[in-house]
Amino acid sequence: LDSALTATFNNFNLVVPKDTTKILTVKGNIATDASGNDVYAVYINALTDVTDYDSVGNTVTNTGSTANSGYAVAMTIATVGDVTAQALDSSSDAGVIIAGSEQVLGNYRLTATNENMNVKNMFILIASTNSATATTTTTGDDVPFIRLYDGSTLLTGGSSNCVVNGVSYTGCYSVPISGASSSIVQVTNLNWVIPASDSKILTVKGLVDKIGFTGQFADSGTSIWTSIQATGFKASGQTADDNSMSSGDVGVTGVQKVIFKTKPTLDKVALTNALQGGSAAPAFKFKVSANSAGEIEWRKIQFLVNMTGATMTGVTTGSSGNTQLDVVGGASNLSLSTAYSGVNVASTTTATITGGNSGYVTLELTTAERIPAGSSREYLLKLGFSDLSSTAGGAIASVRLNRGETALVSSTWYAGITGSIATSGIPSFIWSDIASSSHATSTADWINGGFDGMIRTFGDVNTISN
C-alpha cells in the first residue's frame with residue numbers, strides 16, 4: 001500500500017473468455033498491533049482504474065459500477081477469536097443410561113471463529129435438574145467421574161486416573177459431591193484446539209455407579225442433565241483469551257438422561273397371516289428384550305388398532321375369551337387381570353372397534369413377565385374379529401404398540417404408576433428394572449413407558465387383511 005492506501009497490481013495476464021465471469025479475491029496480512037473493531041474494506045475507486053484489452057489489443061471501455069465502492073463488504077478487526085457452543089442432542093435422543101458402565105451424557109458442538117482457538121478450561125455441571133446453574137442436589141454418588149471425547153478420541157488434558165465399579169480408567173474428571181462447587185466439574189488445562197471457522201464435537205460420558213442400597217451408589221430413576229456453564233470457560237487465541245463460552249454468557253444444557261439398572265426394548269415382529277374372523281385370531285406379534293445389564297419385568301401393555309371393512313369385537317378374557325396373549329414357543333393365553341378396549345387411550349370399557357375407526361386394547365398381566373438379562377421373548381396378541389368385508393383384501397386390521405405417556409414416572413410402586421394418569425398420561429407400558437433388594441409390586445422400582453429408547457417401534461404398524 002502507498003501513502004494513499006492504494007494498492008496497484010501490474011502485469012496481470014488474466015484472460016476472461018467471452019460470456020464468462022471470473023472472481024478475483026484480495027487477501028492481505030493484518031498486523032498484530034491492529035486495533036480492535038477497526039473496519040477495513042477493499043474497493044475499486046473508479047472504472048478507469050481497471051485497464052483491459054480485447055483479443056486484438058483494443059482498449060476496453062468498462063461499464064457497470066465500481067466494485068464495493070459503497071463498502072458493502074468490510075472486515076472488522078477482532079482482538080480475539082470466539083468459541084460458541086450448541087447442544088446437539090434433541091428430545092428424541094433422551095434415553096435410559098445403564099448403571100455400572102460408561103454412558104453418553106451429552107454431545108456439544110463447539111465452533112471457533114476468527115482464528116484457531118485452544119480450549120483450556122470449562123466448567124461442566126452434572127445436575128439432576130434441567131438447569132445450567134448449580135443446585136444443592138448432588139449427583140456425584142450417581143456419576144462420580146466423567147470423561148471427555150473428541151469423537152472417539154479421549155481428551156486427557158488436566159485429567160487423572162480413577163477406578164469405578166472395580167474398573168480402572170484414564171482421562172477422568174471428578175464430580176464433586178460437596179462444597180460450593182458440588183456437581184461442577186472444573187476442567188483445566190484441556191488444551192483442545194478447534195481450527196478457525198470449524199467445529200468439533202465434545203462428547204461428555206459418565207462413569208455411572210452401580211445401583212446399590214448402602215454407601216455411595218447410583219439410585220435407579222435419577223435424572224441427569226449436563227451443561228457447559230457460562231462461567232469458568234477459557235479458550236486462547238494467538239494473543240488473547242476468550243472467556244465467554246457463547247454469546248450473552250449463557251450456559252448450554254443438554255437433554256435429560258435417566259439412570260436405571262437395566263432397560264427393556266420393544267420391537268414389532270413381522271406377522272404375515274391373513275385376517276381371520278372369529279375368536280382369538282392372530283393380530284400382532286412383538287418382542288420384549290432385556291438389556292445385558294440385568295433382567296426386567298413387565299406387566300402392562302397397550303396397542304392401537306385401526307379397522308377397515310371389519311369390526312374388532314370387544315375384548316373378553318379367560319379360557320373361552322376372544323382376547324389372548326401367548327408366549328411364542330411357550331405358554332399360551334397368559335392370565336390377564338384386566339383387559340380393556342375402546343376408542344380412547346384411557347378407555348376402561350370392553351367396546352368394539354368398528355370399521356373406519358381406531359381404538360385401543362390395553363392388557364394387564366396377572367403375574368409380571370420376567371425377561372432374563374441379555375435375552376428376549378416374543379408374544380402373539382390374538383383378538384376377535386367379525387363383519388369382515390366379502391371383498392378380498394377389503395377387511396383390514398392395522399395394529400401397533402402404543403405409547404400414551406406424556407412424561408416419565410419412575411421409582412415408585414406399581415399402583416403409583418397406574419395412578420399417574422393426571423400428570424403423565426395413561427401408562428401404556430409398565431415395567432421394572434428390579435432395582436430394589438426385595439422386588440415386588442409394592443417396591444419403588446416400577447417405571448412407565450414415558451421415555452425414548454424403550455418402545456423402539458412406536459408407530460411401526462403391522463397390517464393384515466382377508
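As a basis for the values below, the full set of heavy atoms in this structure was taken, side chains included, without hydrogen atoms, waters or symmetry mates. Heads up: numbering here begins at 1 and tracks the sequence.
- By the side chain to side chain donor-acceptor pair (under 3.5 Å) test, Thr66 is found to be paired with Ser69, residues two or more places apart in sequence or in another chain being considered.
- Residue pairs meeting the salt bridge (Lys or Arg N to Asp or Glu O under 4.0 Å) criterion with at least one member in residues 56-77, sequence neighbours excluded, do not occur.
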Tell me which donor-acceptor pairs under 3.5 Å the side chains of residues 153-164 have, and how far apart each pair is, sequence neighbours excluded?
unit_1 : atom_1 : unit_2 : atom_2 : d
Ser159 : OG     : Thr156 : O      : 2.6

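- Centroid-to-centroid, the aromatic rings of Tyr379 and Phe284 stay 6.0 Å apart or farther.
- Taken from OG in Ser432 to CG in Asp445, the straight-line distance is 3.5 Å, to the nearest 0.5 Å.
- Under the salt bridge (Lys or Arg N to Asp or Glu O under 4.0 Å) criterion, the residue pairs touching residues 100-115 are Glu102-Arg147, with sequence neighbours excluded.
- Considering every non-hydrogen atom in both Val461 and Lys268, the closest pair reads O-NZ, 3.4 Å.
- If you look at Tyr360 and Phe303, their ring centroids are not closer than 6.0 Å.
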Can you give each donor-acceptor pair under 3.5 Å made by side-chain atoms of residues 184-199, sequence neighbours left out, with the distance rounded to 0.1 Å?
unit_1 : atom_1 : unit_2 : atom_2 : d
Gln186 : NE2    : Ser181 : OG     : 2.9
Asn191 : OD1    : Asn118 : ND2    : 3.3
Trp192 : NE1    : Asp150 : OD2    : 3.1
Ser199 : OG     : Thr111 : OG1    : 2.6

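- Of the N and O atoms on the side chains of Ser358 and Asn306, at least one donor lies less than 3.5 Å from an acceptor on the other residue.
- At least one donor-acceptor pair under 3.5 Å links the side chain of Asn466 to the backbone N or O of Ser389.
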Which side-chain N or O atoms in residues 49-56 pair as donor and acceptor under 3.5 Å with protein atoms at least two apart or in another chain?
unit_1 : atom_1 : unit_2 : atom_2 : d
Asp49  : OD2    : Ala46  : N      : 3.2
Asp54  : OD1    : Val56  : N      : 3.0
Asp54  : OD1    : Gly57  : N      : 3.0
Asp54  : OD1    : Asn58  : N      : 2.8
Asp54  : OD2    : Asn58  : ND2    : 3.2

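- The side-chain contact (heavy atoms from CB on, under 4.5 Å) with Ser410 is formed by just one residue from the set Trp431, Trp446, Phe260; it is Phe260.
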